[in-house]
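Below you'll find the structure, written out as structure tokens, and then a few comments.
Note that this is a predicted model, so its numbers are computed, not measured. Order of the sequence lines sets the chain letters (A, B, ...), proteins ahead of strands, with each chain counted from 1.
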Number of protein chains: 2
Amino acid sequence: MSDGKNTLTTAVYDLLRKAIIEQALKPGMRLPEDTVGEQFGVSRTIVRHALVRLENEGLVVTQRNRGAFVAEPSKEEAQQIFEVRRILENEVIRILCNRIPDTGYDQLRSHVRNEEGVRGKDGPVSIRLAGEFHVLLAELTGNEILARYVSEVVIRCSLIMSLYARSHSSDCAVDEHSQIIDAIQSGDAERAIAIMDHHLGAVQGRAELARQPDSIRSILSHYGKELAQ
Amino acid sequence: MSDGKNTLTTAVYDLLRKAIIEQALKPGMRLPEDTVGEQFGVSRTIVRHALVRLENEGLVVTQRNRGAFVAEPSKEEAQQIFEVRRILENEVIRILCNRIPDTGYDQLRSHVRNEEGVRGKDGPVSIRLAGEFHVLLAELTGNEILARYVSEVVIRCSLIMSLYARSHSSDCAVDEHSQIIDAIQSGDAERAIAIMDHHLGAVQGRAELARQPDSIRSILSHYGKELAQ
DNA sequence: TGCAAGTAAATTGTATCCAATTGACGTAAA
DNA sequence: TTTACGTCAATTGGATACAATTTACTTGCA
């Protein structure tokens, strides 16, 4: 994601992004430019650029003259993001069944071992690793554009789970990750897709069923849309 | 695409984007911040923000301390973008066969009439309209995230055609657009997808077969990747 | 007490300024 | 002639200053 060029801007961008993934920054939280800037020891200019990038990814929303906030995806948005995620990830599986780099399975198995290593600890790390498994799958297709889009929807799903799901402990069942690898390796594309589809359905279902009550802010902002300028 | 909030930044962003779509700004062209700023009567700050957004979409690339350039997708990138475009647009068709708003067909037919109105003139307008047909299809799914991704790959395809295709006159055959609408309206999803797939294949093929010789810059930039910092 | 208006504080929008880096040109030495 | 070096112009990287806008508080009036 980060191209490692604009060091300062990219550094702030990466930090904010990671903080959002790990749900340290929660949906609806304000992100005042100078507060963030002081925190990282940079000027507002840098923070602004980072926020622009995050807004493009749908991770933050900005209101004119009001500032930036961590995004609070509505239920409709959540539905749409999940739909796109399933489209993309099913296709990732289909591609991987046709072509996968030599080291692919090693990388995947190794990643799952890492996930198992932190099993039980419902900390931010396990949340991040679960998402990164799906990004790794997409990267193995060799299609960088596809991988970028998967990365975007995965992280937005993380935001959705943070808003709507009761427990984030196991957004992804590690077992199912293993099953997906097995299915790809067996070359049975249809079965692999079925498992992935079921896996994502489970994640989505957890968000739908166990959704928390809306926060005050998101409730009011919903009504506010009808008044606003 | 543009949210109409940050008026100045968004205005510059929209103008640059449109200029790239219509191939007035050609791949490899420089986009110096103050030149662009003077042109539009705004300061570099505004232009910078617009360029950041365009870079996120893959329409421009920036080199540290060197500036921004209109992107020159490599052949590999072009291949990847087309692959993602087919994935997304096939799925758009599949969705539209299941659900399409009441006014959908009217909007589509109306758009095709516009395209026919400028037929023959190989100007920038026909190029833009051809792309917007595909974006309109995506928007009719009601899935904004999906529509945004389609919009991104469509415009990047416009960049690719500008680089590699001999004639941009008819990136899309208007007849085929009508056929696609017919197929969706008939409810035959498989046929509709087949037509869309063929349609995109034709566009892609035109880029592959009639590709122009690489520019010096894009050739050297390819080798340069092995040296760079 | 409750509401309204006005004022002050906080925050973003934009422009400008200085520093750092890059590329080009020209000059000199081998 | 070619290469190496040094200087200069052009451009971006980043910080700061000022203007505009919004929000919150306070004051005054009914």
Cationic N near anionic O, under 4.0 Å, B/Arg156 to B/Glu57
no

CD of A/Glu33 versus C1' of C/dT14: gap in Å, rounded?
12 Å

A/His49 NE2 - C/dT12 P separation (whole Å)
15 Å

Let me know, please, whether A/Gly41 or B/Ala68 comes out on the 5' side of the other along DNA chain D by nearest nucleotide.
B/Ala68

Of all heavy-atom pairs between B/Ile145 and A/Glu77, which one has the smallest distance, and what is that distance?
CD1-O, 4.3 Å

A/His177 and A/His199 aromatic ring geometry - parallel, tilted or perpendicular at 30°/60° bounds:
perpendicular

B/Ile46 has an atom CD1; how far is it from atom P of C/dT16, in whole Å?
11 Å

Can you give me the closest heavy-atom contact between B/Tyr164 and B/Ala78, atom names plus distance?
CE1-CB, 4.3 Å

Might you work through the side-chain hydrogen bond (donor to acceptor under 3.5 Å, both in side chains) test for A/His111 and A/Glu132, ending with a clear yes or no?
CA-CA 9 Å; A/His111 188 98; A/Glu132 285 175 353; 5.0 Å; no

Of D/dT11, D/dG14, C/dG13, the nucleotide closest to the side chain of A/Arg48 is C/dG13

Would you tell me if any nitrogen or oxygen in the side chain of A/Thr45 comes within less than 4.0 Å of OP1 or OP2 on D/dG14?
no

Would you please confirm or rule out a distance under 4.0 Å between OP1 or OP2 of C/dG23 and any side-chain N or O of B/Arg66?
yes

Side chains of B/Leu159 and B/Val70, heavy atoms from C-beta outward: is any pair under 4.5 Å?
yes

What's the CD-C1' distance between A/Glu38 and C/dA10, to the nearest Å?
13 Å

Send over the distance from B/Asp34 CG to C/dT16 P, rounded to a whole Å.
12 Å

Round to the nearest Å and state the distance from A/Gln63 atom CD to D/dT22 atom P.
11 Å

When A/Leu54, A/Thr9, A/Thr10, A/Val12 are each screened for side-chain contact (heavy atoms from CB on, under 4.5 Å) with A/His49, the one that passes is A/Thr9

Protein-nucleotides 18-21 of chain D N/O pairs under 3.5 Å:
{"from": "D/dT21", "atom 1": "O3'", "to": "A/Asn65", "atom 2": "ND2", "distance (Å)": "3.3"}

Taking only the side-chain heavy atoms of B/Pro32 (C-beta and beyond), determine which of D/dG14, C/dT16, D/dT12 contains the nearest atom.
D/dT12

